[in-house]
Amino acid sequence: EAQVTQNPRYLITVTGKKLTVTCSQNMNHEYMSWYRQDPGLGLRQIYYSMNVEVTDKGDVPEGYKVSRKEKRNFPLILESPSPNQTSLYFCASSPRARQETQYFGPGTRLLVL
Amino acid sequence: AQKVTQAQTEISVVEKEDVTLDCVYETRDTTYYLFWYKQPPSGELVFLIRRNSFDEQNEISGRYSWNFQKSTSSFNFTITASQVVDSAVYFCALQRLNNNDMRFGAGTRLTVKP
């Protein structure tokens, strides 16, 4: 089944403890991206990747890192999480970087205490 | 700058009523995509429709219909004969064609009461 998967789905952590949220797609998509969803703000893009080894900042990249070492995986790294990063995170992918519908993962709920 | 405005934060209707969710967007691009996504209480994002800016034809899919008016920069979504299962947050989004830059509205929470 074609899908975007994220792990973990739920995570409670403490300030400063490094964490990684994984994202994987099995559709051979070139483009992948991360969004965060906050009440009243909709979804905002954190980082995106046009292809392997190509990443770029979205609207709200501060406090996050990403890597794209292989096509199927696009992990989101929080080196030193803070409470303002408590959010619902979505990974998305599309076949190419242009003119394509993005397919979203199931979301990861993160709580930083 | 790209921007999507969903002025209705919350809407509550009784089952079988029709309801329209408004979406107004701003962009300098001449070509772009518009989307509607549904987010049920379980949290996932469900793709509903994508509309190319070239195509201003209205679309109907079952109880759902979309009214795209480029002249007023609006892409409104109507649910006919609403059902309890339609209760969700609905997002409108605007996507640039050259780099997949996607901007979401803040969402409209629809509650359909039995």
Side-chain angles (χ1 to χ4, degrees), chain A residues 1-6 8-11 23 25 27 29-51 54-61 74 87-111, chain B residues 1-10 21-26 29-55 59 66 75 77 88-110:
Chain A
E1 180 190 352
Q3 59 183 351
V4 179
T5 57
Q6 295 178 227
R9 295 289 313 280
Y10 304 90
L11 180 60
C23 173
Q25 49 91 6
M27 298 169 279
H29 284 175
E30 291 183 358
Y31 181 92
M32 297 184 76
S33 62
W34 276 104
Y35 295 84
R36 60 177 287 173
Q37 180 184 345
D38 301 292
L41 297 176
L43 279 76
R44 294 176 293 166
Q45 192 176 52
I46 303 170
Y47 269 95
Y48 63 94
S49 169
M50 303 278 240
N51 213 326
V54 181
T55 63
D56 213 340
K57 295 177 181 178
D59 294 326
V60 288
F74 189 44
S87 188
L88 176 58
Y89 291 87
F90 286 99
C91 179
S93 73
S94 64
R96 287 174 299 278
R98 297 177 174 82
Q99 303 184 37
E100 298 282 0
T101 297
Q102 294 186 47
Y103 296 89
F104 285 83
T108 295
R109 288 195 179 274
L110 172 64
L111 172 60
Chain B
Q2 307 233 113
K3 185 179 176 183
V4 176
T5 301
Q6 294 179 255
Q8 304 150 307
T9 306
E10 295 191 27
L21 310 182
D22 297 333
C23 174
V24 175
Y25 62 92
E26 296 174 28
D29 294 350
T30 54
T31 55
Y32 45 88
Y33 284 133
L34 293 163
F35 295 81
W36 275 96
Y37 285 88
K38 174 183 179 179
Q39 186 177 46
S42 49
E44 75 272 20
L45 283 167
V46 179
F47 167 78
L48 295 178
I49 189 171
R50 181 180 86 170
R51 176 47 53 96
N52 189 314
S53 56
F54 285 118
D55 183 3
E59 181 153 342
W66 291 269
F75 186 43
F77 173 31
V89 179
Y90 290 86
F91 291 98
C92 179
L94 168 67
Q95 181 176 306
R96 305 189 75 181
L97 264 58
N98 62 345
N99 65 359
N100 272 19
D101 178 22
M102 198 163 187
R103 299 300 167 105
F104 285 80
T108 296
R109 181 178 298 278
L110 173 65

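To find a chain, count down the sequence lines: A is the first, B the second, and so on, and within it residues start at 1.
From A:S93, atom OG reaches atom CD of A:Q102 across 8.0 Å, with rounding to the nearest 0.5 Å. Here the straight-line distance linking atom NZ of B:K38 with atom CZ of B:F47 works out to 14.5 Å at 0.5 Å rounding.
Each of B:Y37, B:F35, B:F77, B:F75 was evaluated against B:I49; a single residue qualifies, B:F75, per the side-chain contact (heavy atoms from CB on, under 4.5 Å) test.
Take B:F91 and apply the ring pair (Phe, Tyr, Trp, His ring centres under 6.0 Å) test, not counting sequence neighbours, and it matches no residue.
Between chain A and the options B:G107, B:G43, B:A106, the largest number of non-hydrogen pairs under 4.5 Å is found for B:A106. The candidate with the highest count of non-hydrogen atom pairs below 4.5 Å against chain A, out of B:R109, B:R103, B:E44, is B:R103.
Within the 4.5 angstrom heavy-atom criterion, no atom of A:Y103 approaches chain B. Proximity to chain B (any heavy atom under 4.5 Å) is shown, for A:L43, by both the backbone and the side chain. Contacts of B:Q39 with chain A are made by side-chain atoms alone, with heavy-atom separations under 4.5 Å and no backbone atom involved. If you measure heavy-atom distances from A:D59 to chain B, the contacts under 4.5 Å come from the side chain alone.
Counting only N and O atoms by type, the side chains of B:Y90 and B:Q8 include no donor and acceptor under 3.5 Å apart.
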